[in-house]
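A short write-up of the structure that comes next.
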There are 2 protein chains.
Amino acid sequence: MTEHPAARTVPARTAYHHGDLRAQMIAAVRDLVETHGPDGFSVAEAARRAGVSSAAPYKHFRDRAEILRGVVGEAMDRLRAAMEAGAATYPAGSVEAVAAVGLAYVSFARTEPGVFRLAFGLTEGHENDPDLRAKGEDAFGVVVRCAAACLGLPPDDPHVQACAYMLWSFVHGHSFLTIDSKRSVASTSIDDWAYLVTVARGILGQGIRA
Amino acid sequence: MTEHPAARTVPARTAYHHGDLRAQMIAAVRDLVETHGPDGFSVAEAARRAGVSSAAPYKHFRDRAEILRGVVGEAMDRLRAAMEAGAATYPAGSVEAVAAVGLAYVSFARTEPGVFRLAFGLTEGHENDPDLRAKGEDAFGVVVRCAAACLGLPPDDPHVQACAYMLWSFVHGHSFLTIDSKRSVASTSIDDWAYLVTVARGILGQGIRA
DNA sequence: CCCTGGAAGTAAGAGTTGCTAACTTTATCC
DNA sequence: GGATAAAGTTAGCAACTCTTACTTCCAGGG
């Protein structure tokens, strides 16, 4: 398909059969999950939206769960990228950089609560998939590196690991609570950024020692 | 069958038709969710286990989602009770009492990860149900009261509310992470109890101020 | 004591879904 | 220019949700 004249670098558009289902399926499912909740999706409906028969997706995915895993994997990549971008907006080693990573996490959960729930809420064998596990570890690695830079310790230092875990669980819980109950921290007259900076300082600074 | 000698205070057993489906359905669904994951349940299978036809449950629940909500409601009651029991094992106002509440929370998530996910993972209109919202607030209230006692402030004090929210999100995130990835805090050579006490002290003590 | 009303069950069925099997179309490779 | 394989189609089965119409059993009033 590549030695034809040109305009075929990406197999994206209107190929004979379809071109790139799989990517289109993942996009469709992401939309469905976002609008109808994590379980309010069906492969039939997603196929319908992609304009193919309901059996077509099974040429690209083994079953329903594998489609979900595809969506989660793609979401994890975007989440990690957002975290890295957040960290890059502040000087390396600063507490603000750590807080920015947390803010990216929370923002992701807020703007895509459906996929966020899908990724972390139901298990579905997510944690049994080595690929997804690796992506999760990669995302965690962003926190670890920021914490390490902030503390001036190597990333594999146990204290760094413990602090990173605390930060992660804090932000993870905050994310879930905000999208669950709409209970914003604002109800306690604190906005997200101040909250996250406070927490990061408390855990990494003179605060909580593990 | 009720005016026989006695032993009929509870209509539990072998009534003519059935007696108390609804309770039995909730129990069956809880089991299914626990063994097959939050979405690996069907009302048909639950009805089968309860020994009734697949249409019977619809005499007691409007639809599938309402059954789920019933399970979540029951779980919330048990969770709150466990938290209260945890708090009662240590002197009121002590940091240990706060940590005990957190431990009860985490223990619940560990022993019933399926229903925990069901309760907090998928939304499904859970937060739109006023009954479930109330139960959630009740559980949060346990944390608030413990934090207030510990800080020597009234429960409606903003600082108390902020601290309670921090504690909750911390424990919530920790619970999710442990059941998700089996990443125990043990990997950082800290056990749960020490971890929770440390965190509670950090947030309530001289530590993080909001 | 019957009988009527309603609560709680059943059976049957429509519509949707997950997934498979068998077949067709299209691009590529030798 | 065919064989091959990838990627699509239709048809269909089993399971599931939920509805409708019917049945069974208990309870209270005359």
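In what follows, every chain begins at residue 1, and chains take the letters A, B, ... in the order their sequences are listed. Computed over heavy atoms, backbone and side chain alike; hydrogens, waters and symmetry mates excluded.
- Rounded to a whole Å, the NE2 atom of B/His36 is 15 Å from the C1' atom of D/dC16.
- Between the CG atom of A/Leu21 and the C1' atom of D/dT9 there is a distance of 13 Å, given to the nearest Å.
- Between B/Ala46 and B/Ala28, the shortest heavy-atom distance links the atoms O-CB, 4.1 Å.
- Using a 4.0 Å heavy-atom cutoff across all strands shown, B/Arg48 reaches sugar-phosphate atoms only and no base atom.
- For B/Tyr105 and B/His174, the distance between ring centers is not under 6.0 angstrom.
- Residue contacts shown for B/Ala55 include a base, since a base heavy atom lies under 4.0 Å away.
- C/dA8 atom C1' lies 14 Å from atom CD of B/Gln24, rounded to whole Å.
- Distance from the side chain of B/Lys59 is smallest to D/dA21 among C/dC19, D/dA21, D/dT9.
- Taking only side-chain nitrogens and oxygens, B/His60 never comes nearer than 4.0 Å to OP1 or OP2 of C/dA7.
- Distance from the side chain of A/Ala44 is smallest for C/dG18 among the nucleotides C/dT10, C/dC19, C/dG18.
- Among the heavy atoms of the strands lying under 4.0 Å from A/Ser53 is at least one base atom, whether or not backbone atoms are also near.
- Here D/dT10 presents its P atom at 16 Å from OH of A/Tyr58, a figure rounded to the nearest Å.
- Atom P of nucleotide C/dG9 and atom CE of B/Met25 are separated by 11 Å, given to the nearest angstrom.
- Looking only at distances, no side-chain donor or acceptor of A/Gln161 sits under 3.5 Å from a matching main-chain atom of A/Val144.
- The interatomic distance linking B/Phe61 (CZ) with D/dT17 (C1') rounds to 15 Å, in whole Å.
- Of the candidate nucleotides D/dT17, C/dG9, D/dT9, D/dT17 has the atom lying nearest to any side-chain atom of B/Val43.
- Under the 30°/60° scheme for interplanar angles, the aromatic rings of A/Phe176 and A/His172 are found to stand perpendicular.
- Candidate nucleotides C/dG18, D/dC18, C/dC19 were compared by shortest atom distance to the side chain of A/Asp63, and C/dC19 ranks first.
- Between B/Phe170 and A/Trp168, the gap from one ring centroid to the other reaches at least 6.0 Å.
- Take the nearest nucleotide of DNA chain C for A/Arg62 and for A/Glu45: the residue whose nucleotide is more 5' is A/Glu45.
- When the C1' atom of D/dT17 is taken as reference, atom CD of B/Glu66 falls 15 Å away, rounded to whole Å.
- Between the P atom of C/dT17 and the CZ atom of B/Arg64 lies a distance of 14 Å, rounded to the nearest Å.
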